[in-house]
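A, B, ... follow the sequence lines: proteins, then strands. Residue 1 opens every chain.
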Amino acid sequence: MIRQYDKIKDMDLSFETKLVDHKINEMDTGRDLTQCICHVDMDAFYASVEELDDPSLKEIPMAVGGMHMLCTSNYKARQFGVRSAMPGYLALKLCPQLKIIPLHFPKYRAASAKVRAIFAKYDPSFLPMSLDEAYLNLTNYLSTSELTPEQLVQQIRDEIQQETQLTASAGIAANRMLAKICSDFNKPNGQYFLPMEREAIMKFTSNLSIRKVSGVGRVTERVLQTLDVKTCGDILHRRAILYRLLSPISFQFMLKCYLGLGSTNFNLESDRKSISVERTFSALSKPDDLYRKVDELAELLAVDLGRNQIQGGKTVGIKLKLTSFDVRVRSKTYPSYISKKEDIARIVKELVQKELPVSIRLMGIRLSSLPPKVDDDHGVKKYFKKRKNTDAGEEQPRKISTVPSSPVSVLTSTSVTPDTHLTASIAANENAPSIVAVTCPICSRSLALDNHQFNQHLDECLNKVTVKAILQQQQQNQSPPQDQTQGRSLLDYYR
DNA sequence: CATCGAAGGACCC
DNA sequence: AGCCAGGGTCCTTCGTGA
C-alpha cells in the first residue's frame, strides 16, 4: 500500500494543496477560543488510593491489578519500568520485589465520588471520562470570579488534595483535545496552561508529537511516520499527500491536529451502545466446555443488564480469541430485544457452534443495538436536546465526511484524466506564459487563462463555494469517477 | 444506490 | 524489555437486499 504513496508522491499536487488550504482557512477562522476547558487526571489513581490505606506501600514498588495485567503502578515501581497496562509476570521480571495489590473498586469509587463532588462545584455539567479523569468547562465559573485560569485550577487541585489526600494533574486550554494533552505535561501533581490564543496554540502544536493526540496510537503513529509526519506541525507540509491518501474523516482529524482544534461541548448525550462480558481462561476446545462457558457468561451478562437497567439488545455477538491469538467476532441481529439469560445463551451457542472446531483462550459475549434511552419525558424536551446538540457541534468530527465519493473525485470527475490535464496545462505555462484552455475543476467552466490567472480563478472559485458544495455539484454533474485509490484509510497501509 | 448488518481493527481507560 | 485484560467507542469495508 505504500505503493499508492509512491505513485502519488511525485505528482503535482498543487490543486490539492489549494483545496486543502481553503479548508484549513475555513477551519482556522471558525476556531472557538471563548471556552476555558480543563482536563483533570488523578495521579496513579488506584495505586495512590491503596497507599492511603497502607502508607507503607509508598516506600516500596507497588502496582495494582492482577498477575495477568496491571492497572496502575506507583512511582517507585515506575522507576523499574513497571507501567500500567503491563502484564504482571513481565513486571515481576523487571522488578522482582514488586508488590501487586488486587483491585478494590469500591474504594476507588468512593475516592472518585469525593473528587467529583469538587468538580461539580466548579462545573455542574463536568464530563467524567473514568474514575480518575474528567473534563471541566471553567468558562462560567471564571466569569464570576477574579481568579486567572491557572489560579482557579491550582485551587481545585489543592481542594482535591485536602479532601482526599490524593494529587491530581491538570491541563487548561481552549478545547478538550488540547487540555488533555496539557494535563500530561507536568504529570505528577502539576498543571499546564495553554493560553486560549491562536498564536500560542499554533506554536504549541507545531512541535507536538502526533502521538500525544488522543486517538493516535501505535499503528497510526507508524503510518504517519512513513509519510514523514511526526509532529502536528508536519501535517501542513504533507497536507496534499494526506488529503489524497486518507479517508475524509481521517483527513479532517489530521487538520484538527494541525490547527489544535477540538470540541468544547460536553453534552454528548452518550447512551451506551453495547454491553458485554469477556473472560480469558486456559485453552478450551471441547464443545461441552465451550457451552458451559457460554452459560457462565450469559449469566453474568444478564445480571449486568439488570444492574444497568437495560431492556435488552437486538444484536447478539460473540468474540473468540483463539489460542493462536487470532480474534473472531460474530454477531446476529434480531427483530426484537433479547434480554433473558436463556435466550442469550441459546443464540450465543448457535454462533459458537458455527465456529467449531476451535480452541480458544477467551470468550466474550455482547449485546448491542440497545433500546434508545427513554428518560421519562415526552417529545418536547427530547426535541430540545437534539437541537442543542446539533448546533453546538460547530466543529464536529465529520463535516466533510458525509461525502460518499472520495475527495479525489473532485479531481477525477472534471475531465477524463484531470491529473495529466492539469499538469499538462501548467507545464505548458512553464514553457511560455501562454494562454491555455483549461477546464476549472470546480466550476467546470472552460477557461482561457494563463497560469497566474488560472490560480486566481481557482481561489475565487474556492472562496465562493464550500468544499461540500463543490463535491455535491460534481457529483450530480459527472458520471461516477473510476477511482483507482481504493485504500485511503490509515489502516490500509498496514497490509 | 443509500442503507444496514457483519466483520475487522485501532484506540482509550 | 513483546501486544497483555476487560469494558467500551468509533471507523472502515464489504456484501446484500431495493
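- What you find for V213(A) and C232(A) is that their closest heavy atoms are CG2-SG, 3.9 Å.
- Taking 4.0 Å as the cut-off between side-chain N and carboxylate O, E159(A) and K121(A) count as a salt-bridged pair.
- Side-chain atoms of R272(A) lie closest to dT9(C) of the nucleotides dC11(C), dC3(C), dT9(C).
- Contact annotation: K332(A) side-chain N/O to dA6(B) OP1/OP2 distance is not under 4.0 Å.
- Across the protein-nucleic acid pair, I365(A) atom CD1 and dA5(C) atom C1' stand 17 Å apart, rounded to whole Å.
- The distance between atom NZ of K256(A) and atom C1' of dC10(C), rounded to the nearest whole Å, is 14 Å.
- Among the nucleotides dA6(B), dG6(C), dC4(C), the one closest to the side chain of P87(A) is dC4(C).
- Under 4.0 angstrom from either OP1 or OP2 of dG8(C) there lies no side-chain N or O belonging to S368(A).
- Within the 4.0 Å cut-off from OP1 or OP2 of dC11(B), not a single side-chain nitrogen or oxygen of S214(A) is found.
- As a whole-Å value, the separation of L131(A) CG from dC12(B) C1' is 14 Å.
- Regarding L246(A), its CG atom lies at a distance of 16 Å from the P atom of dA10(B), rounded to whole Å.
- Among the nucleotides dG5(B), dG6(C), dG8(C), the one closest to any side-chain atom of T333(A) is dG5(B).
- Among the nucleotides dC3(C), dA5(C), dT12(C), the one closest to the side chain of H68(A) is dA5(C).
- M129(A) comes within contact range of no nucleotide atom at all, as no heavy-atom separation falls under 4.0 Å.
- Going from the C1' atom of dC3(C) to that of dG9(B) covers 14 Å, rounded to whole Å.
- Distances were taken from every side-chain heavy atom of K321(A) (C-beta onward) to each of dA5(C), dG7(C), dC10(C); the shortest belongs to dA5(C).
- The existence of a salt bridge linking R211(A) and E221(A) is confirmed by a sub-4.0 Å separation between a basic side-chain nitrogen and an acidic carboxylate oxygen.
- G217(A) comes within contact range of the sugar-phosphate backbone alone, with a heavy-atom separation under 4.0 Å but no base atom that close.
- Residue K93(A) is out of contact with every strand shown, counting any heavy-atom pair closer than 4.0 Å.
- A heavy-atom distance below 4.5 Å is not found between the side chains of L98(A) and F80(A).
- Nearest to the side chain of R330(A), among dA7(B), dA1(C), dG7(C), sits dA7(B).
- Contact annotation: the side chain of D234(A) never approaches that of Y258(A) to less than 4.5 Å [non-hydrogen atoms, C-beta and beyond].
- Remark: P of dC4(C) and CG of L103(A) are 20 Å apart, rounded to the nearest angstrom.
- In this structure, the nucleotide among dC3(C), dG7(C), dG5(B) sitting nearest to the side chain of S276(A) is dG7(C).
- With dG8(C), dA6(B), dC11(C) as the choices, the nucleotide that has an atom nearest any side-chain atom of S331(A) turns out to be dA6(B).
- Contacts of K319(A) with the nucleic acid, taken as non-hydrogen atoms under 4.0 Å apart, are absent.
- None of K321(A), K319(A), R328(A) except one satisfies the salt bridge (Lys or Arg N to Asp or Glu O under 4.0 Å) rule with E355(A); the exception is R328(A).
- Residue R366(A) contributes atom CZ, which lies 14 Å from atom P of dG8(B) at whole-angstrom precision.
- Remark: P of dA10(B) and CZ of F253(A) are 16 Å apart, rounded to the nearest angstrom.
- L90(A) comes within contact range of the sugar-phosphate backbone alone, with a heavy-atom separation under 4.0 Å but no base atom that close.
- Side-chain contact between F119(A) and P128(A): absent, with no pair of heavy atoms (C-beta onward) separated by less than 4.5 Å.
- Put simply, NZ on K314(A) is 8 Å from P on dG5(B), counting in whole angstrom units.
- At dG6(C), one or more side-chain N or O atoms of T280(A) fall inside 4.0 Å of OP1 or OP2 (strictly under the cut-off).
- Counting non-hydrogen atoms under 4.0 angstrom, S84(A) reaches nothing in the nucleic acid.
- Proximity of R279(A) to the phosphate of dG7(C): a side-chain N or O atom is located under 4.0 Å from OP1 or OP2.
- Checking the phosphate oxygens (OP1, OP2) of dT9(C), a side-chain nitrogen or oxygen of S274(A) falls inside 4.0 Å.
- Each of R361(A) and I275(A) was matched to the nucleotide of DNA chain C holding its nearest heavy atom; the match closer to the 5' end belongs to R361(A).
- For S247(A), no side-chain nitrogen or oxygen approaches OP1 or OP2 of dC11(C) to under 4.0 Å.
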